[in-house]
J.: 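Please see the structure below; I have some questions.
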Amino acid sequence: MAFCCFGASKSLMKKKDRSLEHPSGSIDSNVRLFSYNALKSATRNFHPENRVGGGGFGVVYKGVLRDDTQVAIKSLSAQSKQGTREFLTEIDMISNIKHPNLVQLIGCCIEGNNRMLVYEYLENNSLANAVLGPKAKRIVLDWPKRALICLGTAQGLAFLHEEAEPHIVHRDIKASNVLLDKDFNPKIGDFGLAKLFPDNVTHISTRVAGTMGYLAPEYALLGQLTKKADIYSFGVLILEIISGRSSSKAAWGEDMMVLLEWTWKLREEDRLLEIVDPELDGYPEEEVLRFIKVALFCTQATSQQRPSMKLILEMLSNEIMLDEKTLTAPGVLKTSNRNSRDSGDSSHSSQGRKDKGSSSSTFITSTNINSIPLSMTQMQPR
């Protein structure tokens, strides 16, 4: 499905340099165009010391522009066709939307084979580094800061789901895509996998893309994308923020349960506070318990039972009582292959099964999430 949410800029269309054009049209006039040399200079020739992050499609560098503005420069791998598509998607998605909890796009570079996005620089890097990284590099976050991060991320997602026009499903909500400013306010970034979601559409059938540990089972196994897939990912993120452990790496017990499995088990045994990060001291138990329970509401196996982001904000803010009688078991996707993004290959089928000894939760095991055969279809309103 191709889409474009910006118009042509006359000043750009007059330029003779054809490298500034792309298949979806021209760059939005609100987006500042940088030359490759300007970004090369800003990063001191992309010096390794200025590297602040990286992923499947490129590297992120810290840079300083000529006016002394600090920026984060996302450089895309020139060899990745899929990455180029995501690059254009990211510009389309965020060039015309602004919110305090979304990373602000400043500009881009499309010159020759170079594809770069220029963002506001956020001093405390990603939530993944702050909470889930090596202990020597972690930032000590007390409960008020962790609560602020949960609430701010929820506000950003609520804006995407319910206020942006058309609505947007992010598709890759995870700790490394939530960035923190100097005051630890969270901002959602990386819109390369995002999808537009008009009001008259019930779901989109698409290939699976995202990160293991955060994927909603119905999306991972059936390719059915709705806003509830983001909500599932957000629920997992809350558990990571509270526990200080990665959903894709941490495992507990003889059965090597993943974070969500273990949380549900502790709930059944009335021991929920045992998932709390040992580094977190002096926290309000009732509030932390409420946040954990909200995470469980977000990750219920049946997507229709997950609350909307607007309702989640009310639940986190204690504006409404949690009706735990309606809470059902989570859906858990377990895999032996932790590839983080969809490779586009789909040659073998994979079946889900229920784990032995797990009578209370819906546990689904997939040997390779990237191998599930899914077809790309047009959006059809119901």
Side-chain angles (χ1 to χ4, degrees), residues 52-53 62 70 72 99-103 120-159 173-190 213-214 231 233-250 252 258-260 262-264 266-267 270-299 309 312-322:
V52 293
K62 177 183 177 181
Q70 291 186 328
H99 186 272
N101 297 112
L102 302 180
V103 176
E120 62 176 317
Y121 178 73
L122 299 173
E123 292 82 352
N124 283 307
N125 207 294
S126 75
L127 180 59
N129 287 344
V131 177
L132 307 177
K135 286 191 175 182
K137 295 184 178 181
R138 290 187 189 184
I139 299 173
V140 177
L141 297 176
D142 58 17
W143 174 248
K145 288 188 177 68
R146 297 191 197 212
L148 172 71
I149 292 168
C150 290
L151 285 165
T153 305
Q155 288 166 349
L157 262 180
F159 174 82
I173 294 298
K174 60 181 179 180
S176 60
N177 285 341
V178 176
L179 305 180
L180 305 174
D181 69 11
K182 61 181 175 60
D183 297 316
F184 297 98
N185 294 301
K187 298 188 181 233
I188 299 170
D190 197 343
Y214 298 93
I231 288 166
S233 303
F234 176 68
V236 173
L237 183 67
I238 292 177
L239 295 180
E240 290 185 322
I241 292 169
I242 292 173
S243 69
R245 295 175 180 266
S246 168
S247 63
S248 59
K249 295 177 182 178
W252 287 265
V258 296
L259 180 59
L260 182 52
W262 184 246
T263 303
W264 183 257
L266 291 178
R267 177 188 181 269
D270 198 24
R271 298 189 293 138
L272 266 180
L273 288 176
E274 288 186 21
I275 78 158
V276 176
D277 189 344
E279 301 295 322
L280 186 57
D281 295 322
Y283 56 85
E285 292 188 1
E286 287 189 11
E287 186 174 10
V288 172
L289 279 172
R290 186 174 72 250
F291 274 55
I292 296 172
K293 291 172 184 177
V294 171
L296 290 173
F297 273 99
C298 292
T299 52
M309 285 309 307
I312 289 167
L313 274 169
E314 294 176 353
M315 294 164 76
L316 289 173
S317 302
N318 202 23
E319 294 177 10
I320 58 173
M321 294 290 292
L322 302 183

J.: Does the side chain of Leu316 reach to within under 4.5 Å of the side chain of Arg290, using non-hydrogen atoms?
T.: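 Counting from C-beta outward, Leu316 and Arg290 never come under 4.5 Å.
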J.: Is any side-chain heavy atom of Asp142 closer than 4.5 Å to one of Asp281?
T.: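 When only atoms from C-beta onward are counted, Asp142 and Asp281 do not touch, as no gap falls below 4.5 Å.
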J.: Can you find a pair of side-chain heavy atoms, one from Glu240 and one from Leu259, that are under 4.5 Å apart?
T.: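 Sidechains of Leu259 and Glu240: in contact.
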J.: To the nearest 0.5 Å, what is the distance between CD1 on Ile188 and CZ on Phe159?
T.: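 Separation between the atoms: 10.5 Å.
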J.: Is there a side-chain contact (heavy atoms from CB on, under 4.5 Å) between Thr299 and Trp264? Walk through the geometry before answering.
T.: CA-CA 10 Å; Thr299 52; Trp264 183 257; over 6 Å; no
J.: Measuring from atom CG of Leu179 to atom CG of Asn129, what distance do you get when rounded to the nearest 0.5 angstrom?
T.: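 Rounded to the nearest 0.5 Å, the CG-CG separation comes out at 9.5 Å.
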J.: Just so I know, are the side chains of Ile149 and Leu141 near enough to count as touching, which here means a heavy-atom distance under 4.5 Å?
T.: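 They are in contact (side-chain heavy atoms under 4.5 Å apart), so the answer is yes.
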J.: Check whether Asn101 reaches the backbone of Lys187 with its side chain - one donor and one acceptor, N or O, closer than 3.5 Å.
T.: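 The answer is no, because no donor-acceptor pair under 3.5 Å joins these two groups.
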J.: Rounded at 0.5 Å granularity, tell me how far NE2 in His99 sits from CD in Gln155.
T.: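 Here the interatomic distance stands at 6.0 Å.
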J.: Shortest non-hydrogen contact from Met309 to Ala158?
T.: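 Closest heavy-atom pair between Met309 and Ala158: CB-CA, 3.7 Å.
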J.: Going by heavy atoms in the side chains, are Leu273 and Tyr283 under 4.5 Å from each other?
T.: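 The answer is yes, as the side chains (C-beta and beyond) meet within the 4.5 Å cut-off.
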J.: Taking all atoms of both residues into account, what is the closest heavy-atom pair of Leu313 and Leu151, and its distance?
T.: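 That would be CD2-O, 3.9 Å.
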J.: Output the distance between atom OG1 (Thr263) and atom CG (Leu239), rounded to the nearest 0.5 Å.
T.: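 Answer rounded to 0.5 Å: 4.5 Å.
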J.: Taking C-beta and beyond as the side chain, do Lys174 and Leu237 meet within less than 4.5 Å on heavy atoms?
T.: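 In short, these two side chains do not touch, never coming nearer than 4.5 Å.
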J.: For atom CD of Glu286, is the number of surrounding heavy atoms from other residues, nucleotides or ligands below 6.0 Å larger than 12?
T.: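 Count not over threshold, so no.
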J.: Look up atom CD1 in Ile275 and atom CG in Leu266, then write down how far apart they are to the nearest 0.5 Å.
T.: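 One finds 7.5 Å between CD1 of Ile275 and CG of Leu266.
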J.: Please find the pair of heavy atoms, one from Ser247 and one from Gly213, that lie closest to each other, and give the distance.
T.: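 Closest approach of Ser247 to Gly213: OG-O, 3.3 Å.
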J.: Between Ser233 (side chain) and Tyr214 (backbone), is there a donor-acceptor pair under 3.5 Å?
T.: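 Yes, Ser233 side chain to Tyr214 backbone: donor-acceptor pair under 3.5 Å.
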J.: Hey, are the side chains of Ile242 and Val276 touching, using non-hydrogen atoms and a 4.5 Å cut-off?
T.: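 Side chain of Ile242 against side chain of Val276, heavy atoms only: contact under 4.5 Å found.
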J.: Donor-acceptor check, side chain of Asp183 to backbone of Asn185, threshold 3.5 angstrom: yes or no?
T.: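 No, because the side chain of Asp183 does not come within donor-acceptor range (under 3.5 Å) of the backbone of Asn185.
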J.: With a 4.5 Å heavy-atom cut-off, do Ser126 and Asn177 have their side chains touching?
T.: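 A side-chain contact under 4.5 Å is absent here.
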J.: Begin with the C-alpha distance, continue with both residues' side-chain angles, and end with the deciding distance and a verdict on side-chain contact (heavy atoms from CB on, under 4.5 Å) for Lys293 and Leu272.
T.: CA-CA 9 Å; Lys293 291 172 184 177; Leu272 266 180; 4.1 Å; yes
J.: For Leu180 and Pro186, which heavy atoms make the closest approach, and how far apart are they?
T.: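 So the two residues come closest at CD2-CA, 4.0 Å.
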J.: Between Asn124 and Ala130, is there a donor-acceptor pair closer than 3.5 Å when you use the side chain of the first and the backbone of the second?
T.: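 Judged by distance alone, no pair lies under 3.5 Å.
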J.: Does Arg146 qualify as a cation-pi partner of Trp143, given the criterion of NZ or CZ under 6.0 Å from the six-membered ring centre and within 45 degrees of its axis?
T.: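 Relative to the ring axis of Trp143, which defines the angle, Arg146 lies outside at least one limit.
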J.: With rounding to the nearest 0.5 Å, note down the distance linking CZ in Arg267 to CD in Glu274.
T.: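 CD of Glu274 is found 15.5 Å from CZ of Arg267.
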J.: Could you walk me through whether Glu279 and Arg138 satisfy the salt bridge (Lys or Arg N to Asp or Glu O under 4.0 Å) test, starting with their C-alpha distance in whole Å, then the side-chain angles of each, then the deciding distance to 0.1 Å, before giving a yes or no?
T.: CA-CA 11 Å; Glu279 301 295 322; Arg138 290 187 189 184; over 6 Å; no
J.: What are the two closest non-hydrogen atoms of Phe234 and Ile312, and how far apart are they?
T.: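 Reported closest heavy-atom pair: CE2-CG2, 3.8 Å.
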J.: Looking at Gly244 and Asp277, what are the two nearest heavy atoms and their distance?
T.: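 Answer, listing the atom of Gly244 first, then Asp277: CA-OD2, 3.7 Å.
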